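What follows is one structure encoded as structure tokens, with my remarks underneath.
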Amino acid sequence: MSEGPPLRTPVCALLGCRYPVVSAGMGGVARAELVVAVVNAGGYGLLGMVRESPELIAKEIAAVRERSDRPFGVNLIPYGTDPALLAEELAACYAARVHSLCFFWEVRPDLIRQAKAAGCKVLYQVGRLRDAIAAEAAGADVVICQGVEAGGHVHGSVSSLVLLPQVASALRIPVLGSGGFATGSGLVAALALGAQGIHCGTAFLATDESFAHDFHKRRVVEAGSEETVQSDVFTINWPARSPVRTLENSITRAYHDRLWGHGPDDFARDVIGHEEQRPIYRFSTDSPLRNMTGDFEVMPAFAGQTCGLIEDVCSAGERLERIIREAETVLARLAA
Ligand SMILES: Cc1cc2nc3c(=O)[nH]c(=O)nc-3n(C[C@H](O)[C@H](O)[C@H](O)COP(=O)(O)O)c2cc1C
């Protein structure tokens, strides 16, 4: 794989990676093992630490550092986290002097300023043009522009094809495309739309190193793009009415005409599984992880429409290499 332009965009220098490909900080799924694999292959990795304890955050950061000296970041979601826990999570990140923090959902200028003052770079994932502008104005270093085809929680309603060029042309800071990107042709398309790289979740979920349960990985490989559904029925752990894209399952089929308008107080706590000792409830946002037992079919299998582009589970290094090789082939074909 070459290191030459145009795949080596300025955001690579900012993040300290070889390739402009970032693995998303997927809650539960993106732990040290995945981040190590991505950064050692030349990408930039984010630990998905939403609502995790400060102890686990410190442990995962240390676990990455034991196996790599490359930079990486930590993803947190202020909107979905109790403020006292969020303060502890941030303190753990600052104490460990993490290279970057990646925030998602509504823009919190106070947190951007705080993270910058603590010496962290700030990546902000947004789903709306006005939020992208607000994140830049508040001092973010990179905006991740999330299209509606993205997997997991989805903040906006516009596709990457339409939103990304608007965000890229409105901002001076680097923009990464998120949602719809899992291949080399997707990376080239993102560059054509004005992005400096891509941020991928589903593509890195379906890898050997992700902490998702094999059940979830297999479902992503088997699913076609039309098998994802947006709803807010998976709501326990999150504020009411937070849209999330998952693969269809018996719950989304049962709620096919009632997919919207739900909140965590609408459902009884019905235990469907366990993460070690912690109970997992039906209608919660907990996706099936390696360390869980229970009825995986009714848990939310977060996935973007990119699931239709994922044909196997491979190592994260292999996934990244395929993206870069294909992007180089596409660029050579376009130049010919
Ligand atoms: C399993 C899964 C978990 C996710 N968890 C988070 C999270 O904790 N924090 C976050 O900012 N985004 C999260 N996302 C959304 C990603 O940041 C990103 O927007 C999305 O993966 C992009 O679409 P793609 O999956 O098609 O690549 C998650 C996505 C998936 C698939």
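Only a predicted model underlies this, so the values are computations on that prediction, with no experimental measurement involved. Counting starts at 1 for both ligands and their atoms, following the listed order.
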Shared hydrophobic cluster for Ile198 and Leu164 (ILVMFWY, side-chain gaps under 4.5 Å): yes
Cation over ring face, Arg258 and Tyr255, 6.0 Å, 45°: yes
State plainly whether the residues Arg325 and Glu328 are in salt-bridge range, i.e. N to O under 4.0 Å. no
May I ask you to decide whether Lys59 forms a salt bridge with Glu52, counting only side-chain N to carboxylate O separations under 4.0 Å? no
Arg219/Asp214 salt bridge by N-O under 4.0 Å criterion: no
Using a strict cut-off of under 4.0 Å between a residue heavy atom and any atom of ligand 1, list the qualifying protein residues by chain and number. Ala24, Gly25, Met26, Gly27, Val50, Asn75, Ile77, Phe104, Gln125, Gln146, Ala150, Gly151, Gly152, Ser178, Gly179, Gly180, His199, Cys200, Gly201, Thr202, Leu205, Phe302, Gly304, Thr306
In plain terms, say whether Glu326 and Arg322 are close enough for a salt bridge, that is, a side-chain N and a carboxylate O under 4.0 Å apart. no
